[in-house]
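Bear in mind that the values here come from a model prediction, so they are computed numbers and not experimental data.
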Amino acid sequence: MATVYSPEKEFHLNITAGDAGRYVILPGDPGRCKKIAELFDEAHFVASNREYMIYTGSIEGEPVSVCSTGIGGPSAAIALEELVHCGAHTLIRVGTSGGMVPEVLGGDVVVATGAVRMEGTSREYAPIEYPAVADFEVAAALCQAASGLGLRVHTGVVQSKDNFYGQHDPDSMPVSYELKQKWAAYLKCGALCSEMETAALFIAGAVRKVRVGSLLTVFANQTRREMGLEDIQCMDSGPAVQAVVDAVRILIRQDQNIEK
């Protein structure tokens, strides 16, 4: 697919083919990119524009990049689209979330196998009946890597939304009746945590025929707090970042063996 508006570089990421690796880690926060890149070999700064910060290095001799997406599905989908234009075929979100079911504690990590599409971006890619699911190989690598680090790992469905304050202050919203009813339904169905990008990335990745996964650190759990249970607070996403880097290494080794 040709670039939009810019004949030489991707319009938002300000990169071209060769600037990014085939494997890309996708944090939301640009401030995390340099720290993630420090886990690569020979990492270097590539570009910065708006919410997008990009570094490229290597793992197992394979070019690997980190690219921030900002907050929410629209900007995350733009990042995926333009990275795919430049040759990316495996993209993994590493992000933060709030626990939903009581069993998910602050400091745990969640490997998303699917996502509730309570956001708008994915609806402009595929009909709502089409499920937002992770690539199996990527999800398996994430589980293996996180377990190998001794993390408490949960696998399952997460909720993706557009309105952060719709979750945390639903009564202030004119559509509070819908927000609260659906939240209760997702809890009854066993949704593990809530965040804002995974569904859009899963659907956009499916449409563009690339592999996508998502590993989420749980910062806290409002359900536990509302139930009067201990609500552990954990703001350290470092273990999840290491797990994603390890998962990329696993995938590269697997892909290299297949290519041989």
Flag yes if [X] and [Y] sit in one hydrophobic cluster, no otherwise; membership is Ile, Leu, Val, Met, Phe, Trp, Tyr, and two members link when side-chain heavy atoms are under 4.5 Å apart.
X    : Y    : value
V111 : F136 : no
L142 : V241 : yes
L216 : I71  : yes
V110 : W183 : yes
V66  : I15  : no

Looking at every heavy atom in both [X] and [Y], which two are closest together, and how far apart are they?
X    : Y    : result
A191 : M100 : O-CB, 3.3 Å
F40  : G57  : CD1-N, 3.9 Å
C33  : Y55  : CB-CD1, 4.0 Å
F202 : A112 : CZ-O, 3.7 Å
V212 : G205 : CG2-CA, 3.7 Å
L201 : A76  : CD2-O, 3.6 Å

To the nearest 0.5 Å, how far apart are [atom1] in [X] and [atom2] in [Y]?
X    : Y    : atom1 : atom2 : answer
R208 : H85  : CZ    : NE2   : 6.5 Å
I25  : T90  : CD1   : OG1   : 11.5 Å
S176 : D169 : OG    : CG    : 10.0 Å
L215 : L26  : CG    : CG    : 12.5 Å
I258 : R253 : CD1   : CZ    : 14.5 Å

* Asked: Heavy-atom count around E124 CD within 6.0 Å, excluding the residue itself: above 12?
  -> no
* Is Q233 atom CD crowded by more than 12 heavy atoms from other residues, nucleotides or ligands, each under 6.0 Å away? -> yes
For the backbone of [Y] and the side chain of [X], can you confirm whether one donor and one acceptor N or O come within less than 3.5 Å of each other?
X    : Y    : result
N221 : V101 : yes
T113 : G156 : yes
R224 : E230 : yes
S68  : P27  : no
E197 : G73  : no
S97  : T217 : yes

* Output all residues satisfying ring-ring contact (aromatic ring centres under 6.0 Å, His included) with H89, sequence neighbours left out; order by chain, then residue number. => Y23
* Could I get the full list of ring-ring contact (aromatic ring centres under 6.0 Å, His included) partners for F164, not counting sequence neighbours? => H168
Test side chain to side chain donor-acceptor pair (under 3.5 Å) applied to [X] - qualifying residues, sequence neighbours left out:
X    : result
Y186 : none
K182 : E178
S122 : R117, E119

Does some side-chain heavy atom of [Y] sit less than 4.5 Å from a side-chain heavy atom of [X]?
X    : Y    : result
C67  : L13  : yes
H154 : V218 : no
C143 : T155 : yes
V157 : V116 : yes
C193 : Q159 : no
D19  : C86  : no
M173 : Y165 : yes
Y130 : V207 : no

Report the residues that fulfil salt bridge (charged side-chain N to carboxylate O under 4.0 Å, His left out) with [X], sequence neighbours left out, ordered by chain and then residue number.
X    : value
R211 : E137, D255
R152 : D108
D231 : R225

* Evaluation steps, side-chain contact (heavy atoms from CB on, under 4.5 Å), between M196 and S160 -> CA-CA 5 Å; M196 300 181 72; S160 296; over 6 Å; no
* Could you please spell out the steps behind the side-chain contact (heavy atoms from CB on, under 4.5 Å) verdict for N14 and E82? => CA-CA 9 Å; N14 199 29; E82 296 189 3; over 6 Å; no
* To do: Go through the steps to decide whether V153 and V109 satisfy the test side-chain contact (heavy atoms from CB on, under 4.5 Å), and finish with yes or no.
  => CA-CA 5 Å; V153 184; V109 297; 3.9 Å; yes
* **Pairing residues for P239 by the side chain to side chain contact (heavy atoms under 4.5 Å, CB included) criterion, not counting sequence neighbours** => L151, D236
* Compute whether any side-chain donor of one residue and acceptor of the other, for E10 and T16, lie under 3.5 angstrom apart. => no
* Would you say the side chains of Q167 and Q222 form a donor-acceptor pair under 3.5 Å? -> yes
* Asked: For V133, what are the other residues in its hydrophobic cluster, where any two members join if their side-chain heavy atoms are less than 4.5 angstrom apart?
  -> none
Just list the side-chain donor-acceptor pairs under 3.5 Å for residues 44-54, sequence neighbours left out, or say none.
residue	atom	partner	partner atom	Å
H44	ND1	T56	O	3.0
N49	ND2	H12	O	2.8
Y52	OH	S75	O	2.9

Could you pull out all donor-acceptor pairs under 3.5 Å where a side-chain atom in residues 242-251 meets a protein atom, sequence neighbours excluded?
residue	atom	partner	partner atom	Å
Q242	NE2	D246	OD1	2.9
R249	NH1	E60	OE2	2.9

* Asked: Hey, mind stepping through L91 and L83 against side-chain contact (heavy atoms from CB on, under 4.5 Å) and telling me if it holds?
  -> CA-CA 9 Å; L91 305 100; L83 287 162; 3.9 Å; yes
